Participant: 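The structure is given below, and queries will be raised subsequently.
For clarity, every value in this text was computed on a predicted model and none was experimentally measured. Just so we're on the same page: letters track the sequence lines, and every chain starts at 1.
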Amino acid sequence: MKEVIAMPIHGPDEPVYTIGVMARLVGVSAQTLRAWEREGLVCPQRTSTNNRLYSENDFHRLIRIRDLAAQGINPAGIRAILGTAGERPAAKRG
DNA sequence: TTTCTAACA
DNA sequence: TGTTAGGA
């Protein structure tokens, strides 16, 4: 038989999870995800109807945010540790 | 049914 | 962070 290679249809940046799905995946409430966005900890993509769509990348970031928040670190501290949401790691200069 | 914003506790 | 109100 021909070997079937599993090809990812969506990349890690592809926004595919609704807030409800992501809340279950991360283990927090949808309200918490909205609060974190307001704090600038995450910046999910939006649909044409203004619904949030989270990517796998957002998932990993949210796990870390959840971990830091569980340690009593406030949003400003989390921002300082993980960096501002949407911030791209600066490319190495020559 | 799910998600959205805003406001209050 | 949770809850409530009103709307798409």
Side-chain angles (χ1 to χ4, degrees):
Chain A
M1 296 165 188
K2 208 62 165 89
E3 186 178 350
V4 178
I5 313 274
M7 284 184 63
I9 300 174
H10 302 288
D13 301 355
E14 214 69 52
V16 290
Y17 305 107
T18 63
I19 192 169
V21 171
M22 187 52 81
R24 291 188 63 138
L25 258 37
V26 179
V28 300
S29 65
Q31 283 91 341
T32 297
L33 294 185
R34 294 194 187 102
W36 287 348
E37 184 188 2
R38 290 189 60 171
E39 301 289 5
L41 302 180
V42 287
C43 50
Q45 177 63 273
R46 295 297 189 122
T47 66
S48 55
T49 54
N50 208 37
N51 286 355
R52 293 170 180 76
L53 279 188
Y54 296 85
S55 67
E56 195 178 314
N57 258 351
D58 292 325
F59 170 72
H60 294 305
R61 187 190 177 87
L62 286 169
I63 290 297
R64 306 189 78 188
I65 292 172
R66 184 165 105 65
D67 182 55
L68 294 169
Q71 295 175 54
I73 301 176
N74 57 48
I78 296 176
R79 224 176 296 142
I81 295 169
L82 299 183
T84 304
E87 176 182 287
R88 295 292 108 197
K92 190 182 68 174
R93 278 180 303 94

Participant: I'd like to know whether CZ of A/Arg24 has more than 12 heavy-atom contacts from other residues, nucleotides or ligands below 6.0 angstrom.
Facilitator: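 Result for CZ/A/Arg24: open.
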Participant: For residues A/Ile19 and A/Leu33, report the shortest heavy-atom separation together with the two atoms involved.
Facilitator: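 The answer is O-CD1, 3.6 Å.
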Participant: Quickly work out the A/Leu33 CG to B/dT2 C1' distance and round it to whole Å.
Facilitator: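 Computing the A/Leu33:CG to B/dT2:C1' distance gives 14 Å.
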Participant: Quick check on B/dT3: is either OP1 or OP2 less than 4.0 Å from any side-chain nitrogen or oxygen of A/Thr49?
Facilitator: no
Participant: From CD of A/Gln31 over to C1' of B/dA7, roughly how many Å is that when rounded to an integer?
Facilitator: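 Going from A/Gln31 (CD) to B/dA7 (C1'), I get 13 Å.
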Participant: Rounded to the nearest Å, what distance is computed from the CD1 atom of residue A/Ile19 to the C1' atom of nucleotide C/dG2?
Facilitator: 14 Å
Participant: Test A/Ile65 against every option in A/Thr32, A/Val42, A/Ile81, A/Asp58 by the side chain to side chain contact (heavy atoms under 4.5 Å, CB included) rule and name the one that passes.
Facilitator: A/Val42
Participant: For A/Asn74 and C/dT1, give me the distance from atom CG to atom C1', rounded to whole Å.
Facilitator: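 Taking atom C1' of C/dT1 as the reference, CG of A/Asn74 is at 15 Å.
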Participant: Would you say A/Asn50 reaches C/dA8's phosphate, i.e. side-chain N/O to OP1/OP2 under 4.0 Å?
Facilitator: no
Participant: Paired with B/dT2: which nucleotide, if any, by Watson-Crick or G-U wobble criteria at under 3.5 Å for both distances?
Facilitator: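 Across all strands, the one nucleotide that pairs with B/dT2 is C/dA8.
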Participant: Could you state the atom-to-atom distance from CZ of A/Arg24 to P of B/dT2 in whole Å?
Facilitator: 10 Å
Participant: Closer than 4.0 Å, any side-chain N/O of A/Arg34 to the OP1 or OP2 of B/dC4?
Facilitator: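 Yes, A/Arg34 has a side-chain N/O under 4.0 Å of OP1/OP2 on B/dC4.
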Participant: Check the distance between C/dA8's P and A/Arg46's CZ and give it to me in whole angstrom.
Facilitator: 17 Å
Participant: Does a side-chain N or O of A/Thr18 approach OP1 or OP2 of B/dT3 to a distance below 4.0 Å, or not?
Facilitator: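 Yes, within the criterion.
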Participant: To the nearest Å, give me how far apart CG (A/Asn51) and P (B/dT2) are.
Facilitator: 13 Å
Participant: Just call it for A/Arg38: base, sugar-phosphate, or nothing, with non-hydrogen atoms closer than 4.0 Å on any strand.
Facilitator: nothing
Participant: If I compare all heavy atoms of A/Pro75 with all of A/Leu41, which pair ends up nearest, and what's the gap?
Facilitator: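 Of all heavy-atom pairs spanning A/Pro75 and A/Leu41, the closest is O-CD2, 3.6 Å.
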Participant: When the distance from CD1 of A/Ile65 to C1' of C/dT1 is rounded to whole Å, what number comes out?
Facilitator: 15 Å
Participant: Could you check A/Pro44, A/Pro15, A/Cys43 and say which one makes a side chain to side chain contact (heavy atoms under 4.5 Å, CB included) with A/Arg52?
Facilitator: A/Pro44
